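Nothing fancy with the numbering, it's 1 onward along the sequence. Note that the structure is predicted; figures quoted are calculated from it, not measured. Counting starts at 1 for both ligands and their atoms, in listed order.
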Amino acid sequence: MEQPICLVGIGKIAVDQHVPAIAGSLDWTLAATVSRAGSVEGVPSYSDFDAMLSERDDIRVVSLCLPPVPRFDYASRAIAAGRHVMLEKPPGATLAEVHALEAMAHKAGVSLFATWHSRMAKGVAAAKAFLANKVVTEAQIMWKEDVRRWHPNQEWVFEPGGMGVFDPGINALSILTEVLPAPVHLQSAVLKFPENRQTPIAADLVFSGGVKAEFDWLKQGEQLWEMTIRADDDEVRLIEGGNRCVINGVEAQGTMLEEYPALYDRMATLLKAGARDVDLAPMVHVADALTLGRREIVAPFAF
Ligand code: NAP
């Protein structure tokens, strides 16, 4: 049976991914939206979140597609109103607020899902399975894209809490923390801040265990979302954002569902089990980079 769900924040990712994923699912029906400006044709829309919560008792699940800074406020109100909640990545602006949400959800007995869409990319499960019993000796991540192409005029990414290049970079870290058989920790970082911005536009990270990452938000031409992980003589390559996995030169079988349908499938499973899924490992690395990273000032940035 289809479960009514409400989407909050009808921006780029809601329109590009959440609306089609819900429309294509047998588990969900889009029963309302909450937005200051946007709407989805044929779906009741609210501009006031509290009004939706009080008027729509039929809607027990809320999916928050807002940027990270306003998310805690919406999530805490939803949980207080007894709703199950899905959080876009990154799950909050700070680690502490997501821990607080988890505690609130536990107390209220509702499901909370801190989603990491890149973990659902089709090649990730094969990489994780192959590496499960291996000792990783080296890994190199290259996550290089054009912010003007993927985040046109989204000023919030350069405001405090917007995380800058870590907004895409955390996707790479969500894959890394999923597939590595043992955790690593950050040892050093160089963060490049445009002189007129609050968040970095590029970052080089060095982790324990021979793991390195390069994030760049000014990449023109070919966009790069890939990582190579070595375990002695074995090599695992995740390319196209983790959607293809090549192990020792041979393409591995991928999973069936696209990333966002897989997230909604997982939320349906969590709901049935009365469970929560809140893994903050990718965000810990970002917080560590912002704590430990050496800051370099670079040319100003304008969209
Ligand atoms: P966006 O289009 O700039 O913003 C999403 C919506 O959030 C806006 O349309 C706005 O909705 C609402 N919003 C923005 N600021 C708000 C505020 N201060 N208070 C209340 N509502 C506010 O951003 P997006 O690209 O969809 O990204 C949203 C989240 O999805 C981010 O965490 C991002 O990391 C994640 N994500 C984005 C992409 C991508 O390709 N863009 C991919 C995967 C994940 P209303 O004006 O309708 O209220």
Asker: Give a yes or no answer on whether the side chain of Ser25 reaches the backbone of Asp27 with a donor-acceptor pair at less than 3.5 Å.
Answerer: yes
Asker: What part of Asp167, side chain, backbone, both or neither, has a heavy atom within less than 4.0 angstrom of ligand 1?
Answerer: side chain
Asker: Once you restrict to heavy atoms under 4.0 Å, what part of Glu88 touches ligand 1? Side chain, backbone, both or neither.
Answerer: side chain
Asker: Give the numbers and elements of all ligand 1 atoms closer than 4.0 Å to a heavy atom of Gly38.
Answerer: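 Selected atoms, number and element: 47 (O).
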Asker: Between Phe193 and Arg295, is there a cation-pi geometry (under 6.0 Å to ring centre, at most 45° from the normal)?
Answerer: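 The answer is yes; both the distance and angle limits are met.
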Asker: Hey, does Arg71 sit under 4.0 Å from ligand 1 if you only count heavy atoms?
Answerer: yes
Asker: Where's the contact between Lys12 and ligand 1, heavy-atom distance under 4.0 Å: side chain, backbone, both or neither?
Answerer: both
Asker: Between Tyr74 and ligand 1, does any nitrogen or oxygen pair lie at a separation below 3.5 Å?
Answerer: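 Between Tyr74 and ligand 1, no N or O pair is found under 3.5 Å apart.
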Asker: Could you check, using the six-membered ring where one of them is a Trp, whether Tyr260 and His117 have ring centers closer than 6.0 angstrom?
Answerer: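 Centroid separation for Tyr260 and His117: below 6.0 Å.
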Asker: In this structure, is the centre-to-centre distance between the rings of Trp225 and Trp150 below 6.0 Å?
Answerer: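 Yes, close enough.
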Asker: Compute the shortest N/O to N/O distance between Gly9 and ligand 1 and return yes if it is under 3.5 Å, no if not.
Answerer: no
Asker: Could you tell me whether Glu235 and Arg237 have a side-chain N and a carboxylate O separated by less than 4.0 Å?
Answerer: no
Asker: Below 4.0 Å, non-hydrogen atoms only: which portion of Ser35 touches ligand 1? Side chain, backbone, both or neither.
Answerer: both
Asker: Is Trp116 in contact with ligand 1, taking contact as a heavy-atom separation below 4.0 Å?
Answerer: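 No.
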Asker: Can you tell me how the ring of His151 sits relative to the ring of Trp156, calling it parallel under 30°, perpendicular over 60° and tilted otherwise?
Answerer: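 Perpendicular, since the angle between the ring planes exceeds 60°.
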Asker: Could you tell me the residue and atom name of the protein heavy atom closest to atom 3 (O) of ligand 1, and the distance to it rounded to 0.1 Å?
Answerer: Trp156 NE1, 2.8 Å
Asker: Is it true that Trp217 and Phe158 have ring centroids separated by less than 6.0 Å?
Answerer: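 Yes; Phe158 has its ring centre under 6.0 Å from that of Trp217.
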Asker: If you look at every heavy atom in Met163 and Gly92, which pair is closest and at what distance?
Answerer: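 Looking at all heavy atoms of both residues, the closest pair is CE-O, 3.4 Å.
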Asker: Give yes if a backbone or side-chain nitrogen or oxygen of His117 is under 3.5 Å from a nitrogen or oxygen of ligand 1, and no if not.
Answerer: no
Asker: Among all protein heavy atoms, pick the one closest to atom 38 (C) of ligand 1 and tell me residue, atom and distance.
Answerer: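 Looking at atom 38 (C) of ligand 1, the protein heavy atom closest to it is Ile13 CD1, 3.5 Å.
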Asker: Heavy-atom contacts under 4.0 Å between Phe166 and ligand 1: side chain, backbone, both, or neither?
Answerer: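 For Phe166, there is no contact with ligand 1 at all, from either part.
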